[in-house]
Colleague: 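Got a structure for you, questions after.
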Amino acid sequence: MGSLLDNLNEQQREAVVHGEGPLLVSAGAGSGKTRVLTYRIAHLLASGAADSAEITAVTFTNKAAREMRERVEELLGRPLYGGFVGTFHRWALEVLRRWPRAAGLPDRFGIADTDDQRAMMLRALKDLELDPKELPPRMVLSRISGMVNRGTDREAFVDRATSSSDETIGRLWERYEKLKTVSAVVDFDDMLVRALRAVRKDTKVRDAVARRARFLLVDEFQDTNSLQMDLLTIILDGRGNITAVGDEDQSIYRWRGAELANILSFETFFPGAQVVALEENYRSTEPILTVAGGLIAANRGRRGKKLFTSREGGEAVRLHIAADERGEARWVADHIESKVGNSQLKEMAVLMRTNAQTRPFEEELTRRRVPYRVVGGLRFWQRAEIKDALAYLRLAVRPGDLLSFERVINVPARGIGAATIDVLRRAARDLGLNLPEAARQLPEGLSPRARLSLEKFFLVLDEAPGRREELAPGDFVGWLLEASGLFAMYEGEAEDRVARRENLQQLAAAVAEAAARGQGLEELLDSVALLEENEDQGAPGGVALMTLHSAKGLEFDVVFLAGLEDGLLPHANSRDEPEGLEEERRLAYVGMTRARKWLALTGARSRFLFGQRQPTRLSRFLDELPTEAVDDVSEPVASWSAQPGVGSEVRPRPTRSGGATPARRRGGPAPATVTDADGTGWRPGDRVRHQRFGSGVILACQGTGAQLKLVVFFDRAGRKTLVPTIARLEKV
DNA sequence: GCTTGCGGTATTTTT
DNA sequence: TACCGCAAGC
């Protein structure tokens, strides 16, 4: 263990060997935050100060939790038994699953995801005869969530409501709560609220949780909201034995209720706290730190760390403003290709403010056949066919699951429409049953067709428990997909049908895999609801495209921070409020500090937005950067603004021969291409190999550039249509 | 009850 | 531009 401590600098060591009592590690970007956290846990265990069953470490993302556990186990050389390492929501959910009654929940309850929430709120609006167009469900929900996360409950909100719109929200809130109760589900916020209620109400629960959290460690402390803070405080019960690690400059979840005050006033919340600041950065080169540091210095709400590095040198930060978003994408792609020799593609990332910004980059990279992966974005678990299948699985686990029942009662279409549902709903009310139970009675008033359909539907659901016992989990899913008719729903060779069938197969595979890891179906469903296993879409080793929010906690050799325009970064919805603007600045700061060796800031002078091309204004953040560390390699304005019709459409411009590209400036070589220059390289008749489908022969090539698709006949898997860059095809 | 087509509207970030 | 919701027709 002594040798372990040798790997740490003085401040890191101070934090690691800290005994009991509150400790705040104010850790700048790249200063070894995770290292301190993991070493501290390892040290507590190795020195005998704590047993692993007394450690609770809480993070915000599943990824961070997994990484922490892995690194601790690596240090210890053994698995970490007992204790808890996971997200706040997972922590809360475990309390609810173990003590549902203390939390005011039925023994079996489900989790309402965002779609479920929206559906319930829509229903609430309809029940109250309100117009969803004037009062969008999403808005109402975010309003309510905002209150909840600030620790305001419904009663308090209703009491204080003065405006009529607040009163309406209050009524909707009540109705929404009712719908959740009837459906026996909790939403994300409920997990925290109800866990808090359970530990407040029942000292046995609190003691059990506290025993397991004799040493409580919290990562990303700057993102905690008051609800989470309450939870922590109660578990600590005055002992104050908390290790909080965070960086106020990286607080980017204000919209979710994060209270910067929790970290800024840590010493007030936890008197006598020791504070350790980690300011030596081990990640980035000096120019990158200078630029990022220059930017964040404009913020007022901070403890005021100043990062430094003992390493010297490094390339200046590039700034490139292109004529439009396609030019921006081209410039980025040029530099990705030119850097392939020095860094792997997976060590490069394009970061942006909104998910919608990825498109031009995807198109450009696809055109050049540069593999990329979109992190976040369209998620596997949110696809309609997967959600339908999950609903069937939920019903197999929890037959009374109302939301799932309603979701699939007519999927695949079996002739049960609004009229039938109405009959069932009325019957449910009259009989005092919930919808699935009432439907099971096959009440009067059903058309013969509907009656027959319902009978068949229940036949499948009733057979499920038995099948579940006799079949392996993966096979059970396969059976359910067949029996329910979900699989048959997507028969045919149309591309999207094939894709959907594949997704369903992947689901069965995922369940089988989870089972192999010892995870049961119930746990898997919980995990899915908490958005775990949220895989990246696209080529595994490719360039990463993601939002700034998803980028937090990651690092790359090469980073492009795209869309430095007023309205995007800072975003239009946040820039007009001082605190909102500061958060936008922090977002930009987070993006910059992801870069190890090379950083570029890019933007466009016009952008296609809301269906039309619009001129943009450059981000005000650019004015705040220390000029000496930035190398402006923007496309010269003259090369585009002199031409008539600027901004009306994307024009061919004198690309590589025209603008002052960095390569020209530095006299460097022209960007190398990842694949062969122009010839697509794919011809009908070629034999190819695919990771999953095995070998096959190309039947046809459709489209060109971004649209290039190959129709391949695989020896084993039959006919498939593939996008070659994404499918990772190999020539044989 | 289901499918199709039209028109309107939206684009912040996520556990 | 792209998607979603709704209305009308089958």
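Every chain is numbered from 1 and lettered A, B, ... according to where its sequence line falls, protein lines coming before strand lines.
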Colleague: Which atom pairs, donor and acceptor, lie under 3.5 Å between side-chain atoms of residues 405-418 of chain A and protein residues at least two apart or in another chain?
Modeller:
unit_1	atom_1	unit_2	atom_2	d
Arg407(A)	NE	Asp388(A)	OD1	2.8
Arg407(A)	NH2	Asp388(A)	OD1	3.2
Asn410(A)	OD1	Arg414(A)	N	2.7
Asn410(A)	OD1	Gly415(A)	N	3.3
Asn410(A)	OD1	Ile416(A)	N	3.1
Asn410(A)	ND2	Ile416(A)	O	3.0
Arg414(A)	NH1	Val408(A)	O	3.0
Arg414(A)	NH1	Ile409(A)	O	2.6
Arg414(A)	NH2	Tyr392(A)	OH	2.9

Colleague: So do the side chains of Val350(A) and Val543(A) get within less than 4.5 Å of each other, counting heavy atoms only?
Modeller: yes

Colleague: Please state how far atom CZ in Arg66(A) lies from atom P in dT15(B), giving the value in whole angstrom units.
Modeller: 12 Å

Colleague: Rounded to the nearest angstrom, tell me the gap between atom CD in Gln117(A) and atom C1' in dT15(B).
Modeller: 11 Å

Colleague: Toss me the dot-bracket line for DNA chain B: Watson-Crick and G-U wobble, both under 3.5 Å, 5' to 3', using | for pairs to another strand and [ ] for crossers.
Modeller: ||||||||||.....

Colleague: Could you state the CD-P distance from Glu363(A) to dT1(C), rounded to the nearest angstrom?
Modeller: 11 Å

Colleague: With the threshold set at 4.0 Å, does a side-chain nitrogen-carboxylate oxygen contact exist between Arg607(A) and Asp324(A)?
Modeller: no

Colleague: Anything under 3.5 Å between a protein N or O and an N or O of nucleotides 7-13 of chain B, put it in a table, one pair a line.
Modeller:
unit_1	atom_1	unit_2	atom_2	d
dT12(B)	OP2	Asn573(A)	ND2	3.4
dT12(B)	O4'	His571(A)	NE2	3.4
dT12(B)	O2	Arg353(A)	NH1	3.1
dT12(B)	O2	Arg353(A)	NH2	2.4
dT13(B)	OP1	Asn355(A)	N	3.0
dT13(B)	OP1	Asn355(A)	ND2	3.2
dT13(B)	O2	Trp255(A)	NE1	3.1
dT13(B)	O2	Arg353(A)	NH2	2.7

Colleague: In whole Å, what is the span from the NE2 atom of His89(A) to the P atom of dT15(B)?
Modeller: 9 Å

Colleague: When rounded to the nearest Å, what value does the distance between C1' atoms of dT12(B) and dG5(C) take?
Modeller: 23 Å

Colleague: Rounding to a whole Å, what distance do you find between Gln250(A):CD and dT14(B):P?
Modeller: 16 Å

Colleague: Would you classify Asn410(A) as touching base, sugar-phosphate or nothing, given that sugar-phosphate means primed atoms plus P, OP1 and OP2, and contacts are heavy atoms under 4.0 Å?
Modeller: sugar-phosphate

Colleague: Starting at CD1 of Ile421(A) and ending at C1' of dC2(B), how long is that distance when rounded to a whole Å?
Modeller: 14 Å

Colleague: Side-chain contact test, heavy atoms from C-beta onward, threshold under 4.5 Å: evaluate it for Ile144(A) versus Met147(A) and give yes or no.
Modeller: no

Colleague: For Ala572(A), report the nucleic acid contact type (base, sugar-phosphate, nothing); a contact means any heavy atom under 4.0 Å.
Modeller: nothing

Colleague: Have a look at Arg575(A) and say if it touches a base, only the backbone sugar-phosphate, or nothing, with a 4.0 Å heavy-atom cut-off.
Modeller: nothing

Colleague: Tell me whether the side-chain N/O atoms of Asn149(A) come closer than 4.0 Å to OP1 or OP2 in dT15(B).
Modeller: no

Colleague: Report the distance from atom CD1 of Ile416(A) to atom C1' of dG1(B), rounded to the nearest whole Å.
Modeller: 11 Å

Colleague: As a test of reading the structure: which of dC2(B), dT15(B), dG5(C) is closest to the side chain of Thr87(A), going by heavy atoms?
Modeller: dT15(B)

Colleague: Ignoring hydrogens and angles, write down the donor-acceptor pairs under 3.5 Å from the side chains of residues 586-595 of chain A, residues two or more places apart or on other chains.
Modeller:
unit_1	atom_1	unit_2	atom_2	d
Arg586(A)	NE	Ser251(A)	O	2.6
Arg586(A)	NH2	Glu583(A)	OE1	3.1
Thr593(A)	OG1	Tyr589(A)	O	2.9
Thr593(A)	OG1	Val590(A)	O	3.1
Arg594(A)	NE	Val590(A)	O	2.7
Arg594(A)	NH1	Leu554(A)	O	3.0
Arg594(A)	NH2	Gln250(A)	OE1	3.1

Colleague: Tell me whether the centres of the aromatic rings in Phe361(A) and Tyr372(A) are closer together than 6.0 Å.
Modeller: no

Colleague: Check residues 574-581 of chain A and write down every donor-acceptor pair under 3.5 Å in which the side-chain atom is one partner and the other belongs to a residue at least two apart or another chain.
Modeller:
unit_1	atom_1	unit_2	atom_2	d
Ser574(A)	OG	Glu584(A)	OE2	3.3
Arg575(A)	NH1	Asp566(A)	OD2	2.5
Glu577(A)	OE1	Arg254(A)	NH2	3.3

Colleague: Does any part of the side chain of Arg256(A), heavy atoms only, come nearer than 4.5 Å to the side chain of Asp223(A), both counted from C-beta?
Modeller: no

Colleague: In chain order, what residues pass the salt bridge (Lys or Arg N to Asp or Glu O under 4.0 Å) check against Arg302(A), with sequence neighbours excluded?
Modeller: Asp249(A)

Colleague: Strictly by modelled atom types, are Thr61(A) and Arg66(A) linked by a side-chain donor-acceptor pair under 3.5 Å?
Modeller: no

Colleague: Could you check whether Phe608(A) gets within reach of a base, just the sugar-phosphate, or nothing at all, counting any heavy atom under 4.0 Å?
Modeller: sugar-phosphate

Colleague: Measure from the side-chain heavy atoms of Arg256(A) and tell me the nearest of dC2(B), dT14(B), dG5(C).
Modeller: dT14(B)

Colleague: Nearest-Å distance, CG (Leu141(A)) to C1' (dT15(B))?
Modeller: 15 Å

